[in-house]
**Q** 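Pasting in a structure now, in structure tokens, and then I'll have a few things to ask.
Basis for what follows: all heavy atoms, side chains included, without hydrogens, waters or symmetry-related copies. Since the model is a prediction, treat every value here as computed from it, not as a measurement.
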Amino acid sequence: MHRISDTRVGGTSKRNLRMFQKLCGQDSFKNVIIVTTMWGRVTSEEGQQREQELKLSDDLLKALIDGGATMARHDGTQESALNVIRDLLHRNDTVAQIVRELVIEKKGLLDTEAGMELQREVRSVLQKHQENLRTLEDEIREAERQSDKRAEEEAAADRRKALEDIAKLRRELEKLENTSGTGIRCVGGFYVLSDWLE
């Protein structure tokens with residue numbers, strides 16, 4: 001689902017899209033329908049232009065479209081929603097990449113495409129926090145040098161928050177590294193990690 005009224009696609013949405021692609025795998029792209037919404041909030045020309053940008057941009061939907069995904073417009077009516085559902089019901093079954101890797105190939109979670117992407121993302125964010133921490137430490141030293149207590153206290157508070165964020169990210173990485181792919185179970189037709197059920 002994507003709001004056609006959004007003038008830009010943010011970093012979080014792009015990361016989610018990359019993860020979605022890694023979870024599904026190219027074989028499953030043909031079963032993907034990208035549904036655009038909020039058509040009433042843009043002119044027809046604006047909507048068509050944004051739709052083309054989404055389709056043609058390498059860091060947005062191009063890979064999905066090239067792999068067989070289709071786009072559909074939802075205009076807010078029940079009929080348009082039912083059309084999307086009918087289309088989905090006529091698609092062929094495929095095995096999602098994450099299921100194939102975990103269940104069939106018996107890979108550990110971190111060895112899957114999605115696991116490797118998640119590790120890259122967490123490490124990238126961790127690196128940014130560490131760079132921010134170094135900047136804050138420079139600010140603290142400069143505030144001390146200038147005897148600016150207020151600036152020193154603000155930078156120190158920001159430093160504590162940065163340290164908390166870094167510790168949290170390190171725990172997340174450690175948690176990922178301790179997750180094996182062996183605890184996969186089928187529940188109601190869905191494959192889930194056993195740890196997530198507890």
**Q** For atom CD of Gln78, decide whether the heavy atoms of other residues, nucleotides or ligands shown that lie under 6.0 angstrom number more than 12.
**A** no
**Q** Among Ile, Leu, Val, Met, Phe, Trp and Tyr joined by side-chain contacts under 4.5 Å, find the other residues sharing a cluster with Ile140 and list them by chain and number.
**A** none
**Q** A side-chain contact here means heavy atoms from C-beta on lying under 4.5 Å apart; do Glu152 and Lys149 qualify?
**A** yes
**Q** So, are Arg170 and Glu174 salt-bridged, with charged N and O less than 4.0 Å apart?
**A** no
**Q** Kindly check if the number of other-residue, nucleotide or ligand heavy atoms within 6.0 Å of CZ (Arg73) is above 12?
**A** yes
**Q** Are Leu118 and Met116 connected in the hydrophobic side-chain network, where two residues link if heavy atoms are under 4.5 Å apart?
**A** no
**Q** For Asn31 and Leu88, indicate whether the former's side chain and the latter's backbone hold a donor-acceptor pair under 3.5 Å.
**A** no
**Q** The criterion is side-chain contact (heavy atoms from CB on, under 4.5 Å); which residues satisfy it with Glu53, sequence neighbours excluded?
**A** Gln49, Arg50
**Q** Checking Ser80 against His74: is there a side-chain donor and acceptor pair closer than 3.5 Å?
**A** yes
**Q** When you measure from the side chain of Lys62 to the backbone N and O of Asp59, does any donor-acceptor pair fall under 3.5 Å?
**A** no
**Q** How long is the span from the CE atom in Met1 to the OG1 atom in Thr36, to the nearest 0.5 Å?
**A** 9.0 Å
**Q** Measuring only between side-chain heavy atoms, which start at C-beta, is Asp138 closer than 4.5 Å to Glu142?
**A** no
**Q** Considering only Ile, Leu, Val, Met, Phe, Trp and Tyr, and joining two whenever side-chain heavy atoms are under 4.5 Å apart, list the other residues clustered with Leu54.
**A** Ile4, Val9, Leu17, Phe20, Phe29, Val32, Ile34, Trp39, Val42, Leu60, Leu61, Leu64, Ile65, Met71
**Q** Can you list every pair that meets salt bridge (Lys or Arg N to Asp or Glu O under 4.0 Å) and has a residue in residues 79-89, with sequence neighbours left out?
**A** Glu79-Arg86, Asp87-Arg91
**Q** Under the 3.5 angstrom rule, does the side chain of Gln119 hit a backbone N or O of Leu110 as a donor-acceptor pair?
**A** yes
**Q** Picking from Lys106, Lys107, Lys22, what satisfies salt bridge (Lys or Arg N to Asp or Glu O under 4.0 Å) with Glu101?
**A** Lys107
**Q** For the CD1 atom of Ile104 and the CD atom of Gln97, what is their distance to the nearest 0.5 Å?
**A** 11.0 Å
**Q** Nearest 0.5 Å please: distance from the CG atom of Asp165 over to the CG atom of Asp158.
**A** 10.5 Å
**Q** Enter the distance from Asn16:CG to Met19:CE here, rounded to the nearest 0.5 Å.
**A** 8.5 Å
**Q** Would you please name every residue forming a side chain to side chain donor-acceptor pair (under 3.5 Å) with Arg18, sequence neighbours left out?
**A** Glu117, Glu121
**Q** If you look only at distance, which donor and acceptor atoms sit under 3.5 Å apart when one is on a side chain in residues 124-136 and the other is two or more places apart or in another chain?
**A**
from, atom 1, to, atom 2, distance (Å)
Gln127, NE2, Glu131, OE2, 3.3
Thr135, OG1, Glu131, O, 3.2

**Q** Please walk me through it: do Arg123 and Arg120 pass side chain to side chain contact (heavy atoms under 4.5 Å, CB included)?
**A** CA-CA 5 Å; Arg123 286 195 171 101; Arg120 274 191 296 274; 6.0 Å; no
**Q** Could you tell me the separation between the CZ atom of Arg100 and the SG atom of Cys24, rounded to the nearest 0.5 Å?
**A** 10.5 Å
**Q** Quick one: closest heavy-atom pair of Gly108 and Leu102, and the distance?
**A** C-CD2, 4.1 Å
**Q** In Å and rounded to the nearest 0.5 Å, what is the NE2 to CE distance from His2 to Met38?
**A** 11.0 Å
